[in-house]
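Working notes, beginning with the structure itself.
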Amino acid sequence: MINPDSTYHVMGLTRYVDDRDFPARGLHCVVFFSPLAKGKIRDLDTSAAREVPGVAFILTAKDIPGENQIGGIIQDEVLLAEDEVNFVGMPVAVVYAWTEDAAREAVGRIKINIAEETPVLDPREAYNRNELIAPVRTFTLGDAEQAIASAAYVAKGQAESGAQEHFYLEGQVTVATPSEEGNLHLSSGTQAPTSVQRCVAKVCGLAMNRIEVDVRRLGGGFGGKEIQANTWACFAALGAQKSGVPCRMVLRRSDDMPATGKRHPYSSDFTLALDGEGKFLAFKVMYYQNAGAAADLSTCILERTLFHATASYYVPNVHATAASCRTNITPNTAFRGFGGPQAMFVFEAAIREASRISGICVETLQRKNLLKTGDCFAYGMAAEDAQAQRCWDRAYEHYDLQKRMRAIDDAQRKEKKTPGQLSRYGRGYALMPVCFGISFTTIFLNQARAHVHVYTDGSVGVSTGAVEMGQGVNHKIRELVADSLGIAPGRVKLESTNTTRVSNTSPTAASSGSDLNGAAARMACEMIKERLFKFMADEYQCAPEDFSLRQGRLYREGKACEVGWEDLVIQAYCSRVQLSAEAHYSTPDLHFDKSVEKGRPFAYHTYGTAYFEAEVDRLLGTYRIENAYVVHDLGRSINPLIDLGQVEGGMVQGIGWLTMEEMRYDETGRPLTATAGTYKIPDISSAPLDMKVQFLEDIYNDKAVKGSKAVGEPPFMYGIGAFFAIKMAAGCEKPSYCAPITPERLFGELREEV
Ligand code: MTE
Ligand code: QUE
Ligand code: MOS
């Protein structure tokens, strides 16, 4: 079950794009970025830069042979600035030199003169100026206004969540190599090879069949290399196209952080109405998404925010509106959860506010309103086989939560009796249920292809559209293929992801990489097996259905035949049986009608519950996440060890987003925390001291490959629980739902109370 990749990672033997030897006769690109957030370019002077020894050439917008346009969904983003700049870090020119040092030196000598304008940084301000990426969208269910009017309690408030840097270990990278007839080969660090192919083709003015994109693996993506890998791939490709020599584009951390997009910050207004017993009656919400200076994937991300507006709960009346607001920061982009976490944070804040005004305890509100099978979401789909309540109840039982929470409650109650006598250390807890829809909500993306080759020695090569970025998709597919052919996983090799082998790939995203590509790979295996069994049926004069393959042997009606896998393969080959197959999988029964905002956008949902305990030092505002206990529904896991890594890693990344990771800009739009020294990500010492994860073991999910469920994104949202556990531990009376709750912010909130 062990993923062999881990061994190579730990030994430092895994090779990434920039680990390969780069030829001396190759060009290194370094980008010159806009130093200002908004303004008209008066003059760009590259003359001094051109004089730097080793510089080959410098490209600006007018040198682009194809179109200067890289917008994915909306055509609103130029590759290189033309006459205006829209954010600090916007690419303006690219220097190509024979050494990286020379290129960097030259970039330092480029002079730009910009007529500076006042940037807009706040999404609400952008909204008020009608600076919208697309028209606002609204999802409705029932009649929220009427339900609010008749409610026993109405909780209102505002919630803020911040940006998040992906902090993948490997920076954005592409090496472009000219091949015959002016064609290009790209080794790229992208989650979306076809997107790179399409974008490079457009910018270089070439047909897509002249661009080959190859992806071996990524040192992490987390959504940050879905569409934003395109920019850097284009720079490498343009250089290779112009010079005819290989071209290397690697972003070092200090360029990657300020120049690439982050998770979208949101500012939201909510109203949650309840009846006297704490049943949710209505939820009304307005989301202001800070999109940055161009659309990128913002509209899709905003759509997922709407899908997850009511998180893990059933609310019969919903009115959710969302605006994607254009501001003068880097275009924000996909990040694990894809707008879902932002929605769930708002809803959990609303529950805390409802508890505060009604006096009904938070966990009662949560448990009472958890989704049940058959409950309808605002987007018209019903929860099928909902596991929300089971995960919740199992967490109580398995981790003895009642007792744990009572101990903390008792301690807090004692403190409240003696006001002004709060002790220095306070403890708190929070439960966080998660329900996440699996599928690309852009329906056409829910497709994948796989190529399986069986070689004459019985070994197997597999190509799919999935990109390995540390999440273990290659190993999962290897296990699925091995299981299908009845051979050892060691006999199966996963090839690189290459647009000439598998075309028109969807990004490896939306947690559906192994669902989609794993299903396609299995279908290809079934096709080969069918041919092998038919061939053997002719030999043995029996029915193809009589055969099966297990443990490297052929079985006939449950009994092992003399024929081993290798014999079978070579015999079939000599009889001219086709030993390769290509299969196409598309998720069935997905549809969505945007004119009414209703449909069935997801194949299924995954569920889970996390419980957190935190301790706060009320003098310093520092805290520690002590315990994180999870019950997670994974269906029948393909590889529990990989999935455990995904749950733990996702959860810690989520804790980072809501606690310590803070992206700040000054009033001119310059990022203040875009370096590894000023932006704090969680490390081993900030992970929960005790982390326990239990999987529901008896779920068979018939909507995905071999009964499994997708794992990549959902655990991220558990991190929201850490925020509320810290807030409870701090014991501030004044409500504030502002993330991240950095020690600095918590210090301030604690002081305000005094
Ligand atoms: N895990 C690692 N180690 N590295 C990553 O970049 N990306 C996450 C998640 N887990 C990521 C990861 C994101 S954002 C997604 S959408 C899924 O993996 C994508 O992979 P999958 O669809 O194969 O699960
Ligand atoms: C979840 C996702 C993605 C998504 C929809 C989801 C995602 C993604 C896209 C997307 C949409 C349109 C495009 C495109 C990509 O949609 O990651 O190239 O044209 O990239 O619900 O994670
Ligand atoms: Mo993940 S944000 O869908 O790459």
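Start at 1 with the first residue, then count along the sequence. In each ligand, atom 1 is the first atom listed, and ligand 1 is the first ligand listed. These values consider heavy atoms only, across backbone and side chains, with no hydrogens, waters or symmetry-generated copies.
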* Sub-3.5 Å N/O-N/O distance, Ala510 and ligand 3 -> yes

* Asked: So, do Leu658 and Phe345 sit near enough that their side-chain heavy atoms are less than 4.5 Å apart?
  -> yes

* Atoms in ligand 1 with a heavy atom of Val473 nearer than 4.0 Å -> 23 (O)

* Mark up the atoms of ligand 3 that fall under 4.0 Å of a heavy atom belonging to Gly223, in ascending order. => 2 (S), 4 (O)

* Taking the side chain as every heavy atom from C-beta outward, state whether Leu79 and Thr231 have any pair of such atoms under 4.5 Å apart. => yes

* Please check if the side chain of Gln228 supplies one atom and the backbone of Gly261 the other of a donor-acceptor pair under 3.5 Å. => yes

* Asked: Who's the nearest protein heavy-atom neighbour of atom 6 (O) of ligand 1, and how far?
  -> Gly221 N, 2.7 Å

* Could you tell me if any non-hydrogen atom of Glu713 lies under 4.0 Å from any atom of ligand 3? => yes

* To do: Please state whether Ala710 comes within less than 4.0 angstrom of ligand 1, counting heavy atoms only.
  => no

* Is there a protein heavy atom less than 4.0 Å away from atom 16 (O) of ligand 2? -> yes

* Asked: Among protein heavy atoms, which sits nearest to atom 9 (C) of ligand 1, and what does the distance come to when rounded to 0.1 Å?
  -> Gln646 OE1, 3.5 Å

* Quick check: does Gly513 get an N/O under 3.5 Å from an N/O on ligand 1? -> yes

* **Gap separating the CD1 atom of Ile73 from the OG1 atom of Thr442, nearest 0.5 angstrom** => 6.0 Å

* **Donor-acceptor contact below 3.5 Å, side chain Ser503 vs main chain Thr500** => no

* Nearest atoms (heavy-atom pairs only) where Cys234 meets Ile70 -> SG-CG2, 4.5 Å

* Structure fact -> Counting heavy atoms under 4.0 Å, the part of Ser511 that contacts ligand 2 is neither

* To do: Run the numbers on Lys703 and Asp385 for salt bridge (charged side-chain N to carboxylate O under 4.0 Å, His left out), then give the verdict.
  => CA-CA 11 Å; Lys703 301 290 195 296; Asp385 203 18; over 6 Å; no

* Asked: Looking at Leu186, Val213, Asn209, Ile211, which hits side-chain contact (heavy atoms from CB on, under 4.5 Å) with Thr499?
  -> Val213

* Carboxylate-amine/guanidinium contact Asp633 Lys709, below 4.0 Å -> yes

* Heavy-atom contacts under 4.0 Å between Ala466 and ligand 1: side chain, backbone, both, or neither? -> neither

* Structure fact -> heavy-atom search around atom 8 (C) of ligand 1 in the protein gives Arg336 NE, 3.8 Å

* Structure fact -> Atoms of ligand 2 under 4.0 Å from any heavy atom of Ser439, numbered from 1 in the order shown, are 21 (O)

* To do: May I ask you to check whether Phe377 and His605 place their ring centers less than 6.0 Å from one another?
  => yes

* Polar contact flag, side-chain donor to acceptor under 3.5 angstrom, Thr464-His451 -> no

* To do: Hey, could you give me the CG/CG distance between Asp643 and Leu641, rounded to the nearest 0.5 Å?
  => 9.0 Å

* Asked: Going by an N to O cut-off under 4.0 Å, is there a salt bridge joining Glu303 and Arg137?
  -> yes

* May I ask you to check if ligand 1 and Phe222 share an N or O to N or O distance below 3.5 Å? => yes

* Just heavy atoms, cut-off under 4.0 Å: does Ile227 contact ligand 2 by side chain, backbone, both, or neither? -> neither

* Relative to Tyr168, does Lys225 satisfy both conditions: NZ or CZ under 6.0 angstrom from the six-membered ring centre, and within 45 degrees of the ring's axis? -> yes

* **Ala510 and ligand 2 - part of the residue with a heavy-atom distance under 4.0 Å** => both

* **Under-4.0 Å salt bridge between Glu648 and Lys692** => no

* Can you list the atoms of ligand 3 that are under 4.0 Å from a heavy atom of Glu226? -> 1 (Mo), 2 (S), 3 (O), 4 (O)

* Asked: Closest non-hydrogen protein atom to atom 4 (N) of ligand 1, residue and atom name please, with distance?
  -> Met469 O, 2.9 Å

* Mark the output for Ser195 as yes if a heavy-atom distance to ligand 2 is under 4.0 Å, and as no if none is. => no

* To do: Please determine, by modelled atom types, if Ser496 and Asn498 share a side-chain donor-acceptor pair under 3.5 angstrom.
  => no

* Which atoms from ligand 3 have a heavy atom of Gln191 less than 4.0 Å away? -> 4 (O)

* Structure fact -> For atom 2 (S) of ligand 3, the closest protein heavy atom turns out to be Arg336 N, 3.2 Å

* **Nearest neighbour in protein (non-hydrogen) for atom 17 (C) of ligand 1** => Gly712 CA, 4.1 Å

* **Ser506 to ligand 2, any heavy atom closer than 4.0 Å** => no

* To do: Output yes when a side-chain donor or acceptor of Arg336 lies under 3.5 Å from a complementary backbone atom of Gly712, and no otherwise.
  => yes

* Asked: Would you say Glu713 has any N or O atom under 3.5 Å from an N or O of ligand 1, going by distance alone?
  -> no

* Structure fact -> ligand 3 to Phe335, heavy atom cutoff 4.0 Å, flagged ligand atoms 2 (S)

* Do any nitrogen or oxygen atoms of Ala510 come within less than 3.5 Å of a nitrogen or oxygen of ligand 1? -> no

* Within-cut-off N or O pair, Gly223 and ligand 1, under 3.5 Å -> no

* Go through ligand 1 atom by atom and flag the ones less than 4.0 Å from a non-hydrogen atom of Ser514. => 23 (O)

* Is it true that Asp483 and Lys706 make a salt bridge, defined as a side-chain N closer than 4.0 Å to a carboxylate O? -> yes

* Among all protein heavy atoms, pick out the one at the shortest distance from atom 20 (O) of ligand 1; state its residue, atom name and that distance to 0.1 Å. => Gln471 NE2, 3.1 Å

* What do you reckon, does Pro507 put a non-hydrogen atom under 4.0 Å from ligand 2? -> yes

* Any heavy atom of Gly221 sitting closer than 4.0 Å to ligand 3? -> no

* **For Arg304, atoms of ligand 2 separated by under 4.0 Å from a heavy atom** => 1 (C), 6 (C), 21 (O)

